[in-house]
**Q** 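Pasting in a structure now, in structure tokens, and then I'll have a few things to ask.
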Amino acid sequence: MNFFQRLRSILLPIALLLVSCSAHADWQLNMGQGVTSVSNQVYGLHMAAVWICVGIAVVVFGVMLYSLIFHRKSRGFEAAKFHEHPVLEITWAVIPFIILVVMAFPATKILMRMNDMDKSDLTIKITGYQWKWKYEYLDQGISFFSNLSTPQNQLNNQAAKGQWYLLEVDKPLVVPIHQKIRFLLTANDVIHSWWVPALGIKRDALPGFINEAWARIDKPGVYRGQCAELCGTNHGFMPIVVEAVSEEDFKKWVAQQTGQKGAATTPSSSAAAPAKLTKEMLMSKGEEAYEKTCAVCHKEDGLGMPPAFPALKGSKIATGPVKDHINIVLNGKPGTAMQAFGTQLNDDDIAAIITYERNAWGNNTGDVVQPADIAAARK
Amino acid sequence: MSETLEHVDHHATNNGRFAWATRWLFSTNHKDIGSMYLWFSLFMLMLGGVLALIIRAELFQPGARIVNPELFNQLTTMHGIIMLFGAVMPAFSGLANWMIPLMIGAPDMAMPRMNNWAFWILPVAGLILISTFIMPGSAPNFGWTMYAPLSTTYGPPSTDYLIVAIHLMGLSSIMGAVNIIVTVINLRAPGMTMMKLPIFCWSWLITAFLLIAVMPVLAGTVTMMLTDRHFGTSFFTAAGGGDPLLYQHLFWFFGHPEVYIIILPAFGIISQVIPTFARKKLFGYSFMVYAIVAIAVLSFIVWVHHMFVTGVPLGAQLFFMYATMLIAVPTGVKVFNWVSTMFRGSLTFETPMLFAIAFVILFTIGGFSGIMLSMVPADYQYQDTYFVVAHFHYVLVPGALFSIFAGIYYWLPKMTGHMYNETLGKIHFWLSAISVNLTFFPMHFLGLAGMPRRIPDYALQFANFNAMASVGAFILGFAQLIFVYIVIQAARGKGPKATAQVWEGAEGLEWTLSSPPPYHSFTTPPIVH
């Protein structure tokens with residue numbers, strides 16, 4: 001954005017703010033009750049704590065306010081001489097202690113309930129990636145990535161923002177209501193955290209470890225959440241959308257997904273005979289895919305941010321043997337931030353990206369990489 | 001400081017040309033070293049504040065506007081590190097250096113040369129820290145908490161320099177802490193028993209023990225980060241047999257006592273200020289001392305409350321929930337005692353007292369959100385959201401920072417010999433107190449409504465409160481320029497001369513000395529009755 005665009009993007013909202021509120025902006029003050037019985041219990045605990053704190057505040061600040069008004073030197077009030085009262089001091093240590101013990105009972109009960117993973121009906125493995133979620137229905141054999149679907153032009157203030165700006169994904173997590181769903185959480189790279197407020201669930205996704213959580217959803221609907229652990233550049237851009245449907249609809253959805261298994265779900269297989277694509281098609285598709293997936297680290301101009309994110313412009317990988325280029329994109333570079341994109345992208349996308357990288361920014365190798373080459377390299 | 005300049009001539013070594021270096025670079029004088037800590041802290045406060053304002057400018061409205069997400073993560077990281085290690089801790093060290101010897105009737109700190117080194121490490125560490133912004137790659141961008149593996153495998157090259165800076169700051173803190181313990185134990189004037197020690201000295205004595213206990217843990221942790229990054233170890237990566245949670249346990253074992261290290265001196269200052277302006281002795285001195293000790297001891301057994309969502313076992317979650325809730329008890333005792341000090345006192349409302357009163361109210365609000373956070377099932381909803389950001393900013397800004405302001409206004413006339421401008425002080429107070437609430441109270445709502453922390457852009461439903469917080473932040477930020485002006489004017493000797501007593505209700509050895517005190521005070525110890 002040039003300077004004037006930036007200036008306008010700052011001044012205009014200030015003006016707008018002074019005049020009116022956006023239709024979608026909210027004044028929500030409190031946590032929601034959520035759609036599970038656990039989330040409702042959590043809400044109850046939260047409200048109990050709020051009211052207890054309000055009560056204590058009224059008493060303590062009330063006494064203070066009284067003193068601030070009536071015990072002023074300017075009113076002629078003379079200071080008393082007392083400066084201790086052991087019985088009183090012990091009392092007001094014991095009473096808060098008792099209040100806390102009382103609060104601890106429901107907290108303990110709810111926590112124990114939240115940790116009871118037994119007798120689940122459905123298991124879903126959730127893997128946090130930089131910067132998307134992967135959902136795997138282990139018993140049904142369904143697996144897919146879920147990416148932020150807010151268009152770039154909305155992110156860049158070049159188009160009006162949609163209602164679910166930053167809270168929308170291409171493929172939501174579809175789950176049945178009234179079934180106990182067990183979530184297994186892990187991560188591919190750094191620590192992420194899977195948080196859906198309406199379900200009352202937040203659990204960290206740790207690379208190399210598995211965490212558990214469960215939910216039994218009472219109401220059908222769409223429930224949105226976000227990653228809740230700083231995980232790098234696009235931490236704020238990997239939302240979660242859970243679509244809770246009736247058990248009937250869930251069965252239908254599962255059937256639909258497993259029917260399409262060959263084409264849509266496993267990234268490593270393309271259509272039966274991968275088409276031969278022209279260089280123009282590969283470059284244009286590649287540029288789009290590069291900007292979506294690779295540019296966050298290697299940058300749109302290919303200059304990267306060395307040494308953590310090497311430049312691709314003029315790099316040995318992008319101008320050297322194609323075999324090595326394909327290998328590093330498919331399998332990543334262990335011990336660095338370069339992920340194994342073979343498990344995340346399909347052959348078409350990878351072929352396009354590699355073709356783009358080998359010809360953009362003056363690299364001009366003239367190489368064209370076809371999806372079939374990628375499929376072959378995977379074997 | 002014109003009186004003190006005459007004294008310097010006696011002390012400058014042969015070569016007058018290097019008098020500046022002799023006085024400041026090689027200083028062994030607790031007043032000069034205290035002043036240097038305070039100036040350093042003020043500079044870092046401004047720098048950390050600028051970073052905060054850039055953050056709040058970006059968060060004013062949804063959409064990418066001023067900084068990209070990569071830079072945003074660097075800003076939040078550096079804002080945290082600079083404020084905690086560069087502004088707040090050195091400010092308390094500066095007040096400790098200035099006031100502890102005066103309060104106990106000692107001629108200086110027990111180890112004046114180590115005192116010098118403890119300070120001068122800081123500008124070096126600060127320079128290394130700030131220079132990470134211009135290193136190749138990016139400045140550290142993984143939060144002040146530096147979780148692995150984001151900070152190890154994925155951290156930019158500047159991370160290694162951050163680790164050096166942290167080692168240096170840790171060394172400074174440890175040396176300062178040792179100095180304070182030895183000074184308070186050994187250099188009290190005759191007749192000053194431990195239970196006659198001013199509460200500010202008690203608070204720093206306990207804080208010093210905490211520092212010595214946990215700074216080495218931080219040092220070990222960041223060294224493990226360094227070896228994971230460059231020497232082939234795998235402490236924090238599962239692939240090599242390690243565990244990212246090991247990092248978190250080690251960090252928070254330091255990190256939790258760290259936040260009490262930050263707040264205990266604040267409690268000490270408030271316990272000096274309120275009795276003065278209430279014209280009444282501190283209520284419950286003994287219980288106040290026991291409460292400080294209890295808080296310090298408890299602070300070692302609560303660290304997992306920062307990790308409730310990480311998958312630690314149920315038993316651990318329960319134990320740490322109970323222990324964390326328990327800390328509210330001694331903290332509550334202190335709040336009740338401050339209120340009881342004010343109750344049936346004869347109150348006046350000079351600027352130090354205004355900040356102290358605001359502290360009691362607003363720190364307590366921060367304490368309430370702390371109690372809420374301690375309850376694990378609810379914490380699952382609060383953790384890593386703006387609710388936590390609201391909590392810690394309440395205890396840090398109208399908490400620790402306001403207590404520093406209270407202390408500075410309280411002791412500035414003593415230190416400089418001139419009364420600061422009371423009208424300007426009150427303006428600084430009211431602008432700060434109102435804007436601090438405008439900035440941070442809406443963040444409770446944002447967190448409860450579902451906004452995570454450390455994000456550069458957010459969904460539309462969060463726009464209103466974010467805009468409010470940003471407006472508040474800018475008012476708060478610019479209000480501090482008034483404070484800078486006030487301090488500079490007082491240091492330059494503007495304003496009416498201050499008496500030794502300064503404040504009608506002030507009690508303690510520091511008020512028996514002239515304002516400013518002699519360059520070398522209490523060369524003969526006073527007798528305390």
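Here is how names work: the chains are called A, B, and so on, in the same order as the sequence lines, proteins then strands, and each is numbered from 1.
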**Q** To the nearest 0.5 Å, what is the distance between CH2 (W27(A)) and CZ (F445(B))?
**A** 10.5 Å
**Q** Relative to chain A, which of G311(B), A238(B), P313(B), G345(B) shows the most heavy atom pairs under 4.5 Å?
**A** G345(B)
**Q** Kindly say whether Q381(B) contributes a backbone atom to a donor-acceptor pair with the side chain of K202(A) at under 3.5 angstrom?
**A** yes
**Q** Is it the backbone or the side chain of N115(A) that comes under 4.5 Å from a heavy atom of chain B, or both, or neither?
**A** side chain
**Q** Could you pull out all donor-acceptor pairs under 3.5 Å where a side-chain atom in residues 86-99 of chain A meets a protein atom, sequence neighbours excluded?
**A**
{"residue": "E89(A)", "atom": "OE1", "partner": "N337(B)", "partner atom": "ND2", "Å": "3.3"}
{"residue": "E89(A)", "atom": "OE2", "partner": "H85(A)", "partner atom": "N", "Å": "3.2"}
{"residue": "T91(A)", "atom": "OG1", "partner": "V87(A)", "partner atom": "O", "Å": "2.7"}

**Q** Less than 4.5 Å to any heavy atom of chain B: does that hold for the side chain of D204(A), its backbone, both, or neither?
**A** both
**Q** For the candidates S286(B), A449(B), A378(B), S369(B), which exhibits the highest count of non-hydrogen atom pairs separated by less than 4.5 Å from chain A?
**A** A449(B)
**Q** Specify whether H71(A) and F343(B) have parallel, tilted or perpendicular ring planes, treating 30° as the upper limit for parallel and 60° as the lower limit for perpendicular.
**A** perpendicular
**Q** Can K281(B) and E507(B) be said to form a salt bridge (charged side-chain N to carboxylate O under 4.0 Å, His left out), step by step?
**A** CA-CA 9 Å; K281(B) 279 193 173 356; E507(B) 281 178 16; 3.3 Å; yes
**Q** Can we say K73(A) and E504(B) salt-bridge, meaning some charged N sits less than 4.0 Å from an Asp/Glu carboxylate O?
**A** yes
**Q** With chain A, which of Y285(B), F142(B), Y458(B), Y382(B) has the greatest number of heavy-atom pairs at distances under 4.5 Å?
**A** Y382(B)
**Q** Between Q130(A) and chain B, which part of the residue has a heavy atom less than 4.5 Å away: side chain, backbone, both or neither?
**A** side chain
**Q** Let me know if L111(A) has heavy atoms under 4.5 Å from chain B in its side chain, its backbone, both or neither.
**A** both
